[in-house]
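Worksheet: one structure, shown below.
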Amino acid sequence: MQPRIIVHGGAGAIADALVKGHLQGCREAAEEGLRLLWEGAPAEEAVERAICLLEDDEVFDAGRGSFLNMDGVVEMDAAFMEGASLLVGAVAGVRKFAHPISLARLVMESEHVLLVGEGATRFALSHGLRQCPAEWLIVPREREAWERQRRAQGVGDTVGAVALDERGHLAVGLSTGGRPFKFPGRVGDVPCVGAGFYVDDGAGGVAASGEGEAILRVALARRVMEQLERGIHPQEAASWAIGLLYQRVGGHAGLIVLDRQGRVGCAFNTRRMSRAWNEGKEIIACIERG
Ligand code: ASP
C-alpha cells in the first residue's frame with residue numbers, strides 16, 4: 001500500500017494575512033506525517049505527529065493560538081480514532097495542555113472514549129502528561145480578537161489529519177480551541193464520534209471543520225462514511241455531505257476524506273479551507289476552492 005496523508009488547518013473565513021501561514025503549516029505537517037509513513041510508522045504515529053505540529057503552530061485554532069472563550073480562557077477539544085478496532089479517544093474542555101491530541105490518543109488507548117474538563121486533566125496527569133501555563137496558549141492575535149469580542153464569524157482554524165499506512169490501516173485525529181468567544185463549557189463536533197470524525201479500515205476516514213453545532217446535528221462524518229461504504233469516491237462523498245449540511249441545517253463547514261484505496265477528497269462551503277496531501281512523494285497545499 002502506498003502511504004497517504006491529508007491534513008487540514010480549518011474551514012472558514014481565513015484572513016488574507018493568515019493564508020501563507022496556513023499553507024506552510026499544513027504542508028509541513030503533511031510532510032512530517034508522510035515521512036513517518038514512508039519509514040513504516042503506523043497511521044496513528046503520522047496523525048499524532050502531524051497534529052502536534054499544527055497545535056504548536058500558533059496560526060491555527062488548536063493548542064497554542066486557540067480562540068479564547070467568553071471568559072478569556074482557552075478550552076480545547078480533541079479526538080483520535082483508529083480504523084482497525086474502531087477505538088476512539090476524545091477530550092473536551094481541557095485547559096493548559098500544549099497537545100490535546102496526545103491526550104486524546106491516551107484516552108483511546110484506555111477503557112474510556114470521552115473525558116471532559118477536570119477529569120480529563122486528572123487522567124492526563126496520572127499518565128505523565130505535563131501541563132503548560134494557561135497564558136502560554138494565548139497569543140496576542142487572539143487576546144486582541146477577544147477584546148474586540150469578535151463573535152462567531154471567525155470559525156475556521158481547527159486542525160485535522162487522516163492517514164493510511166503501508167499496511168492499509170487508517171487513523172484520524174482532530175484538535176481545536178473551538179469557536180471564538182464560545183460559552184464556557186461549550187463543546188462542538190470535534191470530540192464527538194460520527195460528527196467531526198470517523199474512520200474504518202474497511203471504508204476510509206474523514207475529519208471535519210466548521211460550525212460544530214451544524215455538523216453535530218447532521219452527524220456529518222457518518223454521512224460521509226455511508227457514501228464511502230458504498231464505494232463512492234471521497235471527492236463526491238465530501239461534496240454531497242457539504243450540500244446536505246447546507247440544505248438541512250444551513251451549516252458551513254469543510255471535510256477532508258481519505259478512502260481505503262488511498263483516494264482523497266475535500267469539499268467546503270466556507271470562504272476557504274487550508275489543507276495539504278501527498279501525491280506519491282510530493283506534497284500539495286491549497287486554501288482556495290478548486
Ligand atoms: N468545528 C469546530 C467547533 O465547532 C470549529 C472549527 O472547525 O473551526 O468547535
Side-chain angles (χ1 to χ4, degrees), residues 6-15 18 21-22 25-26 29 51 54-55 57-63 65-70 73-79 81 90-95 100-101 104 114 116-117 137 141-142 145 150-162 172-198 206-224 238 241-242 245-246 249-257 266-275 287:
I6 181 163
V7 309
H8 79 73
I14 299 163
L18 297 180
H22 264 254
C26 285
I51 293 194
L54 295 164
E55 288 174 333
D57 189 334
E58 60 182 58
V59 84
F60 301 107
D61 171 35
S66 286
F67 294 139
L68 278 56
N69 72 7
M70 232 163 148
V73 172
V74 167
E75 274 187 352
M76 300 165 290
D77 307 331
M81 183 169 185
V91 291
V94 294
R95 301 177 176 189
I101 193 68
L114 174 61
V116 304
L137 294 165
R141 179 192 70 227
E142 294 308 324
R150 186 187 60 158
R151 297 182 76 124
Q153 33 153 338
V155 180
D157 312 318
T158 289
V159 303
V162 193
V172 60
L174 292 88
S175 183
T176 189
R179 302 187 68 162
F181 216 74
K182 66 186 181 181
F183 197 85
R186 176 267 185 190
V187 175
D189 58 300
V190 163
C192 298
V193 58
F197 67 95
Y198 204 86
V206 51
S209 175
E211 295 165 359
E213 286 72 9
I215 295 170
L216 278 160
R217 285 166 61 205
V218 300
L220 191 62
R222 271 308 311 168
R223 303 288 191 147
V224 174
I242 291 295
L245 176 81
Y246 189 71
V249 297
H252 292 89
L255 292 163
I256 53 169
V257 187
C266 173
F268 53 99
N269 63 353
T270 51
R271 180 168 171 225
R272 288 175 167 143
M273 180 172 194
S274 57
R275 69 268 187 206
I287 194 162

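Just so you know, these numbers use all the heavy atoms, side chains as well, and skip hydrogens, waters and symmetry mates. Remember, it's 1-based here, ligands and their atoms both numbered in the order they're listed. We're numbering straight along the sequence, starting at 1.
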May I ask you to decide whether R141 forms a salt bridge with E58, counting only side-chain N to carboxylate O separations under 4.0 Å? no
May I ask whether R186 places a heavy atom under 4.0 Å from ligand 1? yes
Applying ring pair (Phe, Tyr, Trp, His ring centres under 6.0 Å) to F60 and not counting sequence neighbours gives H22
Examine distances only and state if a side-chain atom of K182 and a backbone atom of E75 form a donor-acceptor pair shorter than 3.5 Å. yes
Which ligand 1 atoms, with their elements, are less than 4.0 angstrom from a heavy-atom of G178? 9 (O)
Would you mind running through ligand 1 and noting each atom that sits below 4.0 Å from a heavy atom of S209? 6 (C), 7 (O), 8 (O)
Output yes when a side-chain donor or acceptor of D189 lies under 3.5 Å from a complementary backbone atom of E213, and no otherwise. no
Test: R179 cationic atom under 6.0 Å from F67 six-membered ring centre, within 45° of axis: no
If I apply the N/O under 3.5 Å rule, does D189 come out as touching ligand 1? yes
Which of the ligand 1 atoms, numbered from 1, are nearer than 4.0 Å to a heavy atom of T158: 2 (C), 5 (C), 6 (C), 7 (O), 8 (O)
Heteroatom distance test (G212, ligand 1): nitrogen or oxygen, under 3.5 angstrom: yes
Would you say ligand 1 has an N or O under 3.5 Å from any N or O of G210? yes
What do you reckon, does G10 put a non-hydrogen atom under 4.0 Å from ligand 1? no
Under a 3.5 Å distance rule, please check whether D61 uses its side chain to pair with a backbone N or O of G177 as donor and acceptor. yes
